[in-house]
Amino acid sequence: MASISFKNIQKSFASTAVLCDISLEIADGEFLTLLGPSGCGKSTLLRILAGLEVQSSGSLSIGERVVDGVRPKRRDIAMVFQSYALYPHMTVAQNMALPLRMRRLSIWQRLPMIGRLLPGMRTTLDAIDEDVRRTAEALSIGHLLDRKPGQLSGGQRQRVAVGRAMVRQPAVFLMDEPLSNLDAKLRVQMRAEIKELHRRLGVTFVYVTHDQSEAMTMSDRVAVMHDGNLLQVAPPQEIYTDPQDRRIAEFIGSPKISILDAVVEEPGIAMTAGTVFSIPHEVLPGSHIALGIRPEAFFLADSHCPNVLTGSVRLVEHMGSDLFVHLDIPGQDSPIVARLLAERAPHINEGQTLHLGVRPDRLLLFAADGKRIRACPKEGNTLMAASVISLKEHAQ
Ligand SMILES: Nc1ncnc2c1ncn2[C@@H]1O[C@H](COP(=O)(O)OP(=O)(O)OP(=O)(O)O)[C@@H](O)[C@H]1O
Ligand SMILES: [Mg+2]
């Protein structure tokens with residue numbers, strides 16, 4: 001088992017900066033997921049950890065050991081790739097045995113004719129077979145050991161790839177989008193299996209995905225990346241309810257968070273979509289801000305209540321116990337989306353006018369630069385630095 005420490009990691013390909021000053025501590029035995037949109041640098045960071053890529057600057061430790069310049073096979077890590085990278089001409093057993101043969105056999109012992117005759121060879125090969133068989137049983141692929149990858153389903157291939165990584169008991173498991181080739185149903189099943197595998201092995205997992213539901217369901221903590229930067233590292237629930245940045249709020253959550261542009265009229269009051277909205281923080285008047293509202297923060301309301309948005313229903317999606325209601329609000333390009341309990345909102349039709357209230361404690365405020373606006377605990381007159389910046393920008 002091992003902790004991992006990234007210190008000020010930067011990476012550029014030619015003149016293009018791909019990772020900008022990434023610092024991240026991963027605890028021993030933790031399941032940490034790197035989450036972010038395509039091209040944000042997740043695989044590059046993972047490949048640097050694996051030793052398959054070298055950082056332009058910064059330092060990396062696994063356990064107590066600084067591993068800068070240490071070759072991949074000496075890092076005590078195993079990686080499962082998106083493509084699985086299985087050898088098609090080898091059986092499942094041979095694929096899984098490969099890392100053990102590379103590690104336990106000398107160059108001479110690996111030679112097909114001479115190797116067989118060398119002393120101690122039989123004992124080593126029997127031990128390798130036993131380790132492969134035990135790992136295969138643990139992953140329920142014991143009956144597939146004699147097949148070739150071409151004769152397996154996607155899920156079985158994925159298990160073989162995990163088995164090949166697992167067989168030599170690494171201190172750290174790296175997985176780069178291992179489920180992206182599977183259909184939706186199998187993905188859900190395999191993500192539970194990987195989580196169970198983590199629980200059973202108790203080693204450190206670093207998992208890469210751009211699928212937020214994978215990140216939210218499997219991880220102890222999620223590291224959200226964007227354009228080569230680490231925006232927030234926190235447990236999944238905190239990432240959802242307490243995002244530090246508008247980009248995180250918009251990336252996490254399905255249906256998406258509704259974002260409304262607003263102007264602060266006076267302390268505690270903002271104007272958005274023709275509606276006067278009371279806001280929980282005293283942001284400087286004149287500031288341009290954004291109000292973020294999660295689907296479940298809406299409720300059906302009367303028109304005369306405070307903080308109520310009125311619009312025309314564009315679409316109603318029936319999800320069984322819930323309804324997703326898309327509401328067109330005057331002056332907003334895209335509709336807001338509310339999640340309502342079906343039993344409380346049985347008769348909503350497309351085209352009708354609807355009033356939706358917003359729970360004030362669930363309102364997320366963002367400054368013009370996307371940073372979250374939070375109440376400043378020290379002063380009675382709560383002013384956030386971000387809102388001061390946004391006012392300065394407004395004045396210029
Ligand atoms: N060997 C390389 N040479 C030049 N540019 C590269 C190289 N590898 C990656 N990049 C660039 O670095 C950026 C980050 O790539 P990376 O593969 O880390 O993204 P990612 O977050 O894993 O994306 P995805 O979700 O699509 O796999 C991309 O813009 C990519 O084009
Ligand atoms: Mg990638």
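Note that ligands are numbered from 1 as they come in the structure, with each ligand's atoms numbered from 1 the same way. Just so you know, these numbers use all the heavy atoms, side chains as well, and skip hydrogens, waters and symmetry mates.
- If you look at Val18 next to ligand 1, the close heavy atoms, those under 4.0 Å, all belong to the side chain.
- Think of Ile239 as one node in a network of Ile, Leu, Val, Met, Phe, Trp and Tyr side chains linked at under 4.5 Å; its network also takes in Leu35, Met216, Val222, Val224, Leu231, Tyr240, Ile248, Phe251, Ile252.
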Check the pair Glu250 / Arg247 against salt bridge (Lys or Arg N to Asp or Glu O under 4.0 Å), numbers first and verdict last.
CA-CA 5 Å; Glu250 289 187 284; Arg247 289 168 293 182; over 6 Å; no
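- In this structure, atom 1 (N) of ligand 1 lies nearest to the protein heavy atom Phe13 CE2, 3.5 Å.
- In this structure, the protein non-hydrogen atom closest to atom 29 (O) of ligand 1 is Gly39 O, 4.0 Å.
- Under 4.0 Å is where a charged nitrogen must lie from a carboxylate oxygen, and between Arg133 and Glu130 at least one such pair does.
- Scanning the protein for heavy atoms near atom 25 (O) of ligand 1, the closest one is Lys42 NZ, 2.8 Å.
- Nearest approach of Pro72 to Leu52, heavy atoms of both residues: CG-CD2, 4.1 Å.
- The Mg ion (ligand 2) has an N, O or S atom of Ser43 under 2.8 Å away, backbone or side chain.
- Counting the atoms of ligand 1 from 1 in the order shown, those under 4.0 Å from a heavy atom of Thr44 are 14 (C), 15 (O), 16 (P), 18 (O).
- Remark: distances from the non-hydrogen atoms of Gly36 to ligand 1 are all 4.0 Å or more.
- Inclusion of Gly41 in the set of residues having an N or O under 3.5 Å from an N or O of ligand 1 is warranted.
- Pairs engaging residues 31-42 under the side chain to side chain donor-acceptor pair (under 3.5 Å) rule: Thr33-Ser219 [sequence neighbours left out].
- Here the heavy atom of the protein found nearest to atom 26 (O) of ligand 1 is Ser38 OG, 2.5 Å.
- Under a 4.0 Å heavy-atom criterion, Glu177 is in contact with ligand 1.
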